[in-house]
Participant: 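Questions regarding the structure given below will be posed in turn.
Hydrogens, waters and symmetry mates are skipped; everything else that's a heavy atom, side chains included, is used.
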Amino acid sequence: MKLLVPIDGSELALQALQHAIALASAGLELELVLVNVQEPASAYEMLTLHDAEALAEVAVGAGRDLMAPAVELVEAAYLLYSETVVVGDVVPALLELLEEEGCDAVIMGSHGMGLVRSALGSVSRGMLEHAPVPVTFVKAPPESESEADADE
């Protein structure tokens, strides 16, 4: 089974990856496609740098940095994987990669590092509505009482 696992640098994305690794440990034969989607360059970045190739290199470098902890986890588990960094709008980029790679399912965090906090983030909602394959969401563990008290 080939699983797409979006990695955005959040702890929840790593928890989703750990869920996939646990499935493999339980006997499911897996190949993982780790992906990081970088936002397209802003108009300001395009105006100041004037070099689309350099901007793309910066984006790919940033994506690889964000994926490094995920790669370490997968390599420690001795699983087959590929890693990809793409630049574009997140949901369309994930859907395109899903099709290109022939993935059978998606495992992802229920929300990522975006500014909008909700039970189901906008990327998660987009994947739920548009992915042609099953999507499994891993949600954050409940906040402990000591953590809730520290927030007050």
Side-chain angles (χ1 to χ4, degrees), residues 1-42 45-46 49 51-144 147:
M1 176 175 267
K2 196 174 209 182
L3 299 179
L4 181 73
V5 184
I7 304 294
D8 65 359
S10 68
E11 183 61 33
L12 194 52
L14 291 179
Q15 289 173 7
L17 177 59
Q18 288 169 335
H19 179 69
I21 291 169
L23 292 174
S25 295
L28 186 61
E29 193 171 313
L30 293 179
E31 179 180 344
L32 301 175
V33 177
L34 306 178
V35 59
N36 175 267
V37 181
Q38 292 289 306
E39 298 276 332
S42 69
E45 291 168 326
M46 293 295 288
L49 191 54
D51 187 349
E53 190 172 307
L55 285 169
E57 287 178 24
V58 168
V60 169
R64 293 219 184 277
D65 286 346
L66 289 171
M67 282 199 304
V71 169
E72 287 179 24
L73 285 172
V74 172
E75 288 180 348
Y78 300 103
L79 293 176
L80 291 174
Y81 75 97
S82 63
E83 59 178 302
T84 304
V85 177
V86 294
V87 177
D89 293 326
V90 180
V91 173
L94 290 175
L95 292 172
E96 184 176 326
L97 188 63
L98 188 65
E99 185 177 324
E100 285 175 8
E101 291 287 337
C103 294
D104 302 299
V106 179
I107 294 182
M108 62 188 294
S110 60
H111 61 273
M113 294 185 65
L115 297 175
V116 176
R117 293 283 183 193
S118 67
L120 195 62
S122 60
V123 171
S124 301
R125 187 174 307 281
M127 291 300 291
L128 180 63
E129 292 174 359
H130 301 292
V133 298
V135 179
T136 299
F137 294 110
V138 174
K139 63 182 191 171
E143 198 174 282
S144 71
E147 288 174 352

Participant: Nearest 0.5 Å please: distance from the CD1 atom of Ile21 over to the CG atom of Leu14.
Facilitator: 9.0 Å
Participant: Could you give the distance from CG (Asp104) to CG (Leu98), rounded to the nearest 0.5 Å?
Facilitator: 9.0 Å
Participant: If you measure from CG on Leu80 to CD on Glu29, what distance do you get to the nearest 0.5 Å?
Facilitator: 8.0 Å
Participant: Restricting to non-hydrogen atoms, name the atom on Cys103 and the atom on Val133 that form the minimum distance, rounded to 0.1 Å.
Facilitator: O-CG1, 3.6 Å
Participant: So, do Glu39 and Val90 sit near enough that their side-chain heavy atoms are less than 4.5 Å apart?
Facilitator: yes
Participant: According to the side chain to side chain donor-acceptor pair (under 3.5 Å) rule, which pairs have a member within residues 65-76, sequence neighbours left out?
Facilitator: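 Listed by first then second residue: Glu75-Tyr81.
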Participant: Are side-chain heavy atoms of Gln38 and Leu66 found at a separation under 4.5 Å?
Facilitator: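 Gln38 reaches Leu66 side chain to side chain.
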Participant: Which heavy atom of Gly88 sits nearest a heavy atom of Val37, and at what distance?
Facilitator: O-CG1, 3.4 Å
Participant: For residues Ala140 and Ser110, report the shortest heavy-atom separation together with the two atoms involved.
Facilitator: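 Scanning both residues completely, I find the closest heavy atoms to be N-OG, 4.5 Å.
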Participant: To the nearest 0.5 Å, how far apart are NZ in Lys2 and CD in Glu101?
Facilitator: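 That separation rounds to 4.5 Å.
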Participant: Decide yes or no for Val71 and Ile7: does some side-chain heavy atom of the first lie under 4.5 Å from some side-chain heavy atom of the second?
Facilitator: no
Participant: Could you check if a side-chain atom of Glu83 sits within less than 4.5 angstrom of a side-chain atom of Leu32, using non-hydrogen atoms only?
Facilitator: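 Side-chain contact under 4.5 Å: no.
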Participant: Minimum heavy-atom separation for Leu34 and Val74, please, with both atom names.
Facilitator: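 So the minimum-distance heavy-atom pair works out to CD1-CG2, 4.1 Å.
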Participant: With a 4.5 Å cut-off on side-chain heavy atoms, are Asp8 and Val123 touching?
Facilitator: no
Participant: Could you pull out the closest heavy-atom pair between Leu3 and Ala20, with the gap in Å?
Facilitator: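 Closest pair (atom of Leu3, atom of Ala20, distance): CD1-CB, 4.3 Å.
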Participant: What do you reckon, is CD of Glu100 surrounded by more than 12 foreign heavy atoms closer than 6.0 Å?
Facilitator: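 Counting neighbours around CD of Glu100, more than 12 heavy atoms of other residues, nucleotides or ligands fall under 6.0 Å, so yes.
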Participant: Search all heavy atoms of Pro6 against all heavy atoms of Ala13 and return the closest pair with its distance.
Facilitator: O-CB, 3.8 Å
Participant: Could you state the interatomic distance from CD (Glu31) to CG (Leu4), rounded to the nearest 0.5 Å?
Facilitator: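 If we round to the nearest 0.5 Å, Glu31:CD and Leu4:CG are 11.5 Å apart.
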